[in-house]
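Remember, predicted model here, so these are calculated numbers, not experimental data. Per chain, numbering begins at 1; letters A, B, ... match sequence-line order.
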Amino acid sequence: MTDSDKPINFIQQIISNDLASGKTSKVVTRFPPEPNGYLHIGHAKSICVNFGLAETFTGHCNLRFDDTNPEKESDEYVQSIIEDVKWLGFSWNGDIRYASDYFDQFYQWACDLIDQDKAYVCELNAEQMREYRGSLTEAGQDSPYRTRSADESRALLEQMKAGDIAEGTMTLRAKIDMASPNINMRDPVLYRIKRIAHHRTGDKWNIYPAYDFAHGQEDAIEGVTHSICTLEFAANRPLYNWFIENLDVPSKPQQYEFGRLNLNYSITSKRKLKQLVDEGHVDAWDDPRMPTISGLRRRGVSPTAIRNFCESLAVAKTDGVVDMAQFDYFIRDDLNNNAPRAMCVLKPLLVTLSNYDKSEVFTASAHPQRDDLGSRELAFDDQIYIDQSDFSEDTSLSRKKFKRLVLGEYVRLRGAYIIRADEVIRNSDGEIQEIKASVVENTVGADAPEGIRPRGVIHWVSVPNSLDCTVNLYDRLFDQPLPDSGEGSFTDHINPDSLKVIKGCKAEASLVDAVASKPYQFEREGYFCRDSQSESLVFNCTIGLRDNWKA
RNA sequence: UGGGGCGUGGCCAAGUGGUUAAGGCAUCGGGUUUUGAUCCCGACACUCGGAGGUUCGAAUCCUCCCGCCCCAGCCA
């Protein structure tokens with residue numbers, strides 16, 4: 001689908017109107033992650049939306065860290081997020097922004113609010129504040145500290161800032177309406193005391209602004225015109241606007257919400273992803289089973305696949321669950337187009353070619369539809385490996401049902417000869433140990449001779465010219481479509497068989513050069529890339545080939 | 001329950017009162033193929049959460065009802 005025939009979404013309509021009416025002259029958006037974890041596929045959608053909007057309307061998109069809570073944040077997360085956004089192929093406008101760069105301004109604005117009698121220092125503790133807040137159906141009650149004088153609040157806020165007040169004992173609150181039907185408007189907390197070092201400001205601050213008191217102002221400072229966030233922030237919008245209206249901010253951004261991405265058999269919650277890491281259910285944030293950007297990267301998923309998938313998603317106000325198959329489609333689509341082909345035998349079965357005593361080198365194209373990807377050389381010798389699943393002694397198997405090697409019959413070795421299986425050699429346990437076979441002369445690059453009908457085409461690798469390697473096969477991390485719903489914890493639904501490590505695989509020699517960033521299709525198996533964290537030759541299966549045949 | 005938001009095929013959705021309700025994924029047929037891949041062709045909503053109403057005409061407007069999501073952190 002091209003941009004021109006793709007329907008425009010409701011945010012694009014709003015922006016078009018704003019541009020047409022002159023309300024907006026240059027579109028500015030922003031991607032504002034909190035550095036409290038690694039980015040995941042859900043963030044990718046948000047990134048594509050925000051950077052995409054800036055691109056289609058020739059505006060700007062900022063990268064801003066919403067680092068207002070030092071308790072959960074770290075520089076490691078900052079660095080990983082920067083890397084992931086870059087890797088996805090987006091470039092932000094100007095320098096990277098940090099909410100923490102605006103802390104002085106926020107403090108000034110807090111003082112302004114106090115002076116306007118629109119904020120006060122409250123000494124209710126968390127539990128009391130909850131009681132005073134009321135409920136969904138009952139109005140809240142005013143805090144006894146609500147009528148405190150501006151001078152007193154100013155002095156107290158100063159002490160909070162100076163570190164003279166214990167955590168949890170005081171907050172700065174907006175004076176709005178304790179009876180508001182919107183609970184977010186019931187005198188929300190603006191500043192809380194956290195006597196903890198911040199990864200950027202160190203121990204300069206003992207108080208930190210709450211999300212609501214920071215986000216809109218960050219947008220205003222940066223001249224963000226359209227502040228796009230997810231649906232769960234809709235109830236915060238009136239508060240967002242309240243600060244914009246009551247503060248002397250340099251611009252008037254508008255918040256719009258869209259539905260976040262949910263994927264079945266997966267989880268898109270930083271908190272829960274962190275739990276998977278912390279509790280050791282996965283190896284790390286970049287475990288190839290993780291739906292994190294870094295996990296997908298290590299798995300072999302390309303930025304293009306992620307972006308195409310995100311482009312295929314609707315930007316709307318519905319909150320649905322996208323089928324993982326839709327993501328799979330875009331992963332395969334990109335890999336099929338761009339991954340060079342190679343052969344790797346996962347479960348080797350030795351085949352000795354009794355009528356062949358040469359060594360040849362065949363040239364095979366790297367891609368059946370793309371000559372520009374060049375070719376590679378395939379060594380062929382009198383002993384080869386084929387996959388155990390590609391051989392059967394059962395001669396009653398129909399040609400339609402089993403398009404592989406059967407005892408006494410023919411099969412095409414991809415890019416090489418047609419061979420016939422002649423004899424099965426067993427070990428003392430009765431297991432098949434080796435196949436004796438014979439090649440059909442002059443069948444390389446040529447049609448099968450009269451009377452010989454190979455059942456199909458199978459992949460293979462030369463014994464003396466193969467590489468020993470390990471292959472990691474992955475299954476979905478969860479065994480339920482909605483691991484989050486229902487009784488119990490999402491960790492109860494972790495698929496115990498999500499990783500299968502296969503050692504002793506045999507890869508074609510050209511794969512010595514494999515690097516982590518370069519994908520391959522192992523023919524008839526799937527798409528693989530070299531694991532970035534392993535010294536030895538280890539391949540991660542990005543995704544299998546589509547498998548349409550029914551046995 | 002107060003407030004906010006949302007309900008169109010298995011999934012994601014377009015649709016902004018007027019031809020046979022786009023498209024993608026999935027699924028099911030068939031063709032091509034030295035990958036059971038790719039590619040190509042075809043099938044797949046008398047009906048838009050439900051019931052009324054307005055209208056010559058309704059998925060689109062009105063009324064009522066039903067269902068789902070979000071908000072009661074000194075998280076974001």
Pairs: protein N or O with nucleotides 40-45 of chain B N or O, under 3.5 Å:
none

Could you check whether A/N206 and A/K194, counting side-chain N and O atoms only, form a donor-acceptor pair closer than 3.5 Å?
no
Is a donor on one side and an acceptor on the other found under 3.5 Å between the side chain of A/Y208 and the backbone of A/I196?
yes
Do any N or O atoms of the protein come closer than 3.5 Å to N or O atoms of nucleotides 6-9 of chain B, and which pairs are they?
none

Which part of the nucleic acid does A/R341 contact within heavy-atom distance under 4.0 Å: base, sugar-phosphate only, or nothing?
base
State whether the side chain of A/N338 and the backbone N or O of A/D334 hold a donor-acceptor pair below 3.5 Å, judged by distance alone.
yes
Listing, residues 171-178 of chain A side-chain donor-acceptor contacts under 3.5 Å, not counting sequence neighbours, or none:
residue, atom, partner, partner atom, Å
A/R173, NH1, A/D187, O, 2.8
A/K175, NZ, A/D117, OD1, 2.8
A/K175, NZ, A/R146, O, 2.8
A/D177, OD1, A/A179, N, 2.8

Run the side-chain contact (heavy atoms from CB on, under 4.5 Å) test against A/A234 and tell me which residues pass, sequence neighbours left out.
A/R237, A/E257
Of the options B/U38, B/A76, B/C12, whose atoms approach the side-chain atoms of A/Q369 most closely?
B/U38
Between B/A26, B/A37, B/A76, which one does the side chain of A/A325 approach most closely?
B/A26
Stems in RNA chain B, runs of 3 or more consecutive Watson-Crick or G-U wobble pairs with both distances under 3.5 Å, sorted by first number, are B:2-7 with B:66-71, B:10-12 with B:23-25, B:27-31 with B:39-43, B:49-53 with B:61-65
Considering every strand and a 4.0 Å limit on heavy-atom distances, what is the contact class for A/N125: base, sugar-phosphate, or nothing?
base
If you take atom types as modelled and just measure distance, does the side chain of A/Q521 reach the base of B/U35 with a donor-acceptor pair under 3.5 Å?
yes
Taking distance alone, no hydrogens or angles, what donor-acceptor pairs closer than 3.5 Å link side-chain atoms of residues 313-328 of chain A to residues at least two apart or in another chain?
residue, atom, partner, partner atom, Å
A/D323, OD1, A/A325, N, 2.9
A/Q326, NE2, A/S312, OG, 3.1

Please answer whether B/G36 and A/W549 are stacked, defined here as ring centres separated by less than 5.5 Å and planes angled under 30°.
yes
Regarding B/G36, can its base be found pairing with the side chain of A/R404 as donor and acceptor, where the two atoms are less than 3.5 Å apart?
yes
Heavy atoms only, 4.0 Å cut-off, all strands: where does A/A126 land among base, sugar-phosphate and nothing?
base
Is it true that, when you exclude A/K272 itself, more than 12 heavy atoms of the residues, nucleotides or ligands shown sit nearer than 6.0 Å to its NZ?
yes
